[in-house]
Structure formats: C-alpha cells, structure tokens
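Keep in mind that the numbers below use all heavy atoms, side chains included, and drop hydrogens, waters and symmetry copies.
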Protein chains: 2
Amino acid sequence: MTLSPDTETHTDTPNAASPARGKRPKQGEPVIDRALSLLAVFSDRRRALTLSELARHADMPAPTALRLISRLVAWGALERLDDGRYVVGVRLWEVASLSPRGHGVREIALPYLEDLFEVTRHHVLLAVRDNEQAVLIERLSSKDATEVAYRVGGRAPLRSTAVGLVLLAGADQQFQEAIMAKPPEKEPGVADMPEGQLRRTLSDVRRTGIAMIRRSHPSMTVSVASPVFDAQGSVVAALSIVVPDGSTPPNVLAPAVRAAARAVSRNLGHQATVSADVRTHSRG
Amino acid sequence: MTLSPDTETHTDTPNAASPARGKRPKQGEPVIDRALSLLAVFSDRRRALTLSELARHADMPAPTALRLISRLVAWGALERLDDGRYVVGVRLWEVASLSPRGHGVREIALPYLEDLFEVTRHHVLLAVRDNEQAVLIERLSSKDATEVAYRVGGRAPLRSTAVGLVLLAGADQQFQEAIMAKPPEKEPGVADMPEGQLRRTLSDVRRTGIAMIRRSHPSMTVSVASPVFDAQGSVVAALSIVVPDGSTPPNVLAPAVRAAARAVSRNLGHQATVSADVRTHSRG
DNA sequence: ATGCGGCTTTCAATGGTTGGAATAGTATTG
DNA sequence: CAATACTATTCCAACCATTGAAAGCCGCAT
C-alpha cells in the first residue's frame, strides 16, 4: 500500500489503473443509508468505536463519517465518550423502546416471564422473528445459571433453536419454504436436521405448541419453547426456558412454558382455542 | 388558503405576503436531521403513525417524508403495518440494545434488581440521566403492584423523583447549578422544594447514599433510591424501589436498596469505599 | 357522481453533500 | 528527541442526491 508521495500533484491518469477506484466512486448512496450503515457497525463485540473504525467498517471517508456522526451525536443517537470513541446513545434506546415487537411484547410478557423464572430458576427467553432470524427480546437469568448462548438484542438461527423453530412454524407457508430452500445456518452444538425431519418437527410444533432442542455447545442444555399469539392468531413471539440437560425432564417443563405463553397470548388479545386451527366463533 | 393558480409562472414577490411561507422554506436542514426528527415523532402515545401524521408532526411535505421513511423501513428502523401505518422496528431496537447506558447497565443490574424485587414484591426501578432528565431503563413490577408514574423508556424530572435526585446529586457541580437556575418542572403529586431545601437534600443524598420522595399523584407512594457508581466513581445510574405509602417504613427499605445498588456498582468495577468522598489508592 | 383526504410518482431546479487535500493532534518507534 | 504512523478535524469547489409542487391514484364518505 506504500504509495510514493510525489510532491507533484500528478493525480495520475485515472483511467487505466484500477477501474474500481475512480475519482469519487462511493457517490450515489442516499445519506440516510450511510448514516444507518454507521449505526449498523455497532455489534456485541463493537460497542465503542473510534471515528476511523466507524469510517472503515462503514466503508466511507473519515470526513464524511465525521459529518454524519456529528449529527447523530447532536441528536443523541450516538454518544461520545471521554476518550473520543462513540457508543450508541440513550436517546436512540429511548425511541427504540417504543418498538411494538421489541419492548412492546416484552412489557406485556415480563410479569409472566418472571413468574416462570421464579418457579424454575432457569433461563427464561422471549424472542421475535426479524427476517430470517430470531431476535432475543428478553432473558431472565439467575446469577448462577448455566451458560447460555444468546444475549438480549442478539440473533439466533430459526432452524436450530427452540424459539426459532416456534417462530418458523408460525410463519407463513411461503416464508417457511424459502427458509428450507436455503442451506441451514451452522450452529455450534446443535445437529441440524434434514429437511424431512424439519418438516415433521414444524408440524409437530404447530400441533403441540411445543418445540424442543438439545444442544451441547456453550453447555449441555435443553430448551423448551412455546408460541405467543396476537389477537389475529398470528405467532408474534416465542417463549422458552433453558435448563441444564438432565436436570428437569422436558415433559415436566412443557406445561409450564405453554401456560406462560398462553397467559401472554391472552394479554395480547388472543382467544384461546382448543387446538391451533380451531377458531371460536363470534365474539365481541 | 385558496391561492389563485395563475397560469403564469409569476412566482410573485416572495416578500410581503406570508413571510413564513416562502417557496421552499424548509431547505437547509441536513437530511439526517430530518430523518431523525421523523423518529422523534414517535412517543408513548404515538406508537403507530400514518405517513401524513408523520409528515405533519415532523413538519415536512408528504413526498419528502415518504422518501425518508422508505429508507428507514428498508433498513429496519421502522416497520410498516398491514394497515399502512409505521412503527419503530426491531432492527432499531436491536442496535439500541447495544447502548452502554441503556441495556448495558440494565444487563449488569438485572439480577440484583430481581433479587430486590422478589424479596419486596414492589416496583424496582433503574434510571440513568440524559441531559436534564432521568430516563427509566428498567422497571420490575408484579402484576398486582400499585400504579406507578413511569414506564421503561420514559422520562422523569430530576428534581422531583427519587432517582432524579440521586442522579442530580451525582452530577458535576456545574450541571447542578444550571439545573437549579431553571424553574423546576412541574410534577403532579409532588411538592417541589425551594432551592435551599434542595441543596440540603442533595448534600444529604451524597452523604447517605439515599434519596427519598413521597408522592400522591398516580397513587400514594414512597420512593427510595440509591446511586450506582462506575469504576471511576461517577454516578451512572440510580436504583430505586417504590412502595405504597404506609406499607413498609422507608428506613427499612433503605438498607436493601443501598445494598442492591452497591452490588451493581461492584459489578461495574467500583471499589466500595467507607464514604463517597474517599477513594481507595492505587489500583490497575 | 362528486368531493375529500391520504398516498404515491414524476421531474426540473438547486443547495446540501461530498471527499481529496491540508493541518493539527497523539501515540509509537528508532 | 526526531521520525514515523496514525487519527481527528477543517476547508472548499464540484456535483449529484435531495427537494417539493404538481398531478395522478385510490378509497371512502356524501
């Protein structure tokens, strides 16, 4: 990369050399997209970033990044630390807390999650689907609980987690097919199913209202998940419990998880039915 | 508003008529600011908005709003409901969950909040300061708890809430003076203190590590709050409990609240000290 | 039918946006 | 302590994304 710094302006003939490196190649992208791509640079492992890191990862010149970031900071979407690095700001968090599928379901579900948590003292999770993944909305864990793979705000694959299976089973047929057409996301500690088994599993999940996954990676655990329905009968979230493998038999956990999920569904205006595909008639 | 549509270009002399309604008066504001102002339209009472509502509240023409909103939707900052209205999206919530002062402290504090909650069965709150207000980061409440004024993601005044007093007491001197120079935010159900009493109160809070407020509005309650410190010894959050007035004596609650706040502080790397103004010497 | 309101697309004018270059500041190295 | 390498910031002329009136659509109430 050591380019000889000619004292000449020189600029070189900008044609032949590298075709992908014109004079101002990045132009053409809307400003908002660029600003959002800056936000997207932040991740679990990158919570505090310098200007140049942000510029590098978002693939834009430092001056441009600085200008955009300054506006974001002025508004409160980002905050600047004493050492000059940037972090996601409370103001953004505040607006995000108005997300119906984020804090919305959480707010409604929390009391029931707590009940389940207090009774079992194991991890209790709540997740929603966003595109092709599950997003963890809430997790209650005692200080001494077993290690668990996901954090609140993190993403998990649909095919190889209990909440994922529940959400996938509740998605529309077309989406399910699209997912199954793709190669599965590799997930450590979970054996991924062949398509036939997956189809059968999803069908079972719909029928029983329970999904179960055993995994070995961060630790040996069993997850049991159940769907949360909204007033229209759509699956809007998945509630699950994660226990050390061998502690409590899954068939003991299932009723508790399902009861909690139902309680949340009821609070969302869902009319409980005998079985998933039976709708009660008329009702104000 | 019926302006005569002259077939002439005419353009008119844009001075005399309505000075606030030039040809394109809104130009000059950076795009990002406009996009952010769209996000800012959302509030507790406005969680789902139509295009025209957004355009109206953000004070911009519908086509402009549509263009910006479309980009936000494409990224996931907003989501569009079946009825055409827009809500805050999960993707934005996901990024916001990386906010150190938002979910960051929450994540660390949650187990201790839960402990406190389980023991007392009363509201447990966690708040941080953002500019001149406290922002509620977490609230644990049993399903049958007394009514409480604030929701997670909401804002509360510094001068008239227990968490607010703790955060104010922990802010730098200059900021405190600036706040006291301003007229207090009117808060229903709380008698606001004269400046002298406020100064004394803040001093007491710093000394004792406890703030207490009695309020009558949504219901008769007593709040007891205590500061959470980071590794540098700054007050980064306030932890509080809200109980019905007359239930548990505040002096019984104080030790429990303070213990919980200390536990959280310790987890943030704070070295416990005998009194707030004593720092332990040397330490990597 | 007619009017009304909200939503969407179009398009020419233009001013906000852009990023290289230069400067200043800071940490690392010889 | 100078040299080096990196990051952060300011400046500015070229330029293209942005802008919003206008008009077309759609649904709905009159």
At under 4.0 Å between heavy atoms, which parts of nucleotides 6-11 of chain C does protein reach? Answer with one letter per nucleotide, 5' to 3': B base, S sugar-phosphate only, - none.
SSSB--
Would you please classify the geometry between the A/His270 ring and the A/Phe229 ring as parallel, tilted or perpendicular, with 30° and 60° separating the classes?
parallel
Derivation of the salt bridge (Lys or Arg N to Asp or Glu O under 4.0 Å) call for A/Glu138 and B/Arg106:
CA-CA 11 Å; A/Glu138 182 58 296; B/Arg106 187 205 99 105; 2.8 Å; yes
More than 12 heavy atoms from other groups under 6.0 Å of CD on B/Glu177:
yes
Round to the nearest Å and state the distance from [X] atom [atom1] to [N] atom [atom2].
X: A/Arg85; N: C/dT26; atom1: CZ; atom2: P; answer: 17 Å
X: A/Asp33; N: C/dT17; atom1: CG; atom2: C1'; answer: 14 Å
X: A/Asp59; N: C/dG19; atom1: CG; atom2: C1'; answer: 13 Å
X: B/Asp82; N: D/dG27; atom1: CG; atom2: C1'; answer: 17 Å
X: A/Leu38; N: C/dT17; atom1: CG; atom2: P; answer: 14 Å
X: A/Leu68; N: C/dG16; atom1: CG; atom2: P; answer: 15 Å

Short side-chain N/O contact from [X] to OP1 or OP2 of [N], under 4.0 Å:
X: A/Thr64; N: C/dG19; value: yes
X: B/Arg34; N: D/dT19; value: yes
X: B/Arg67; N: D/dT19; value: yes

Just so I know, are the side chains of B/Leu92 and A/Val95 near enough to count as touching, which here means a heavy-atom distance under 4.5 Å?
yes
Side chains of B/Glu107 and A/Arg151, heavy atoms from C-beta outward: is any pair under 4.5 Å?
yes
Side-chain donor or acceptor of A/Gln176 paired with backbone N/O of A/Ala169 under 3.5 Å
yes
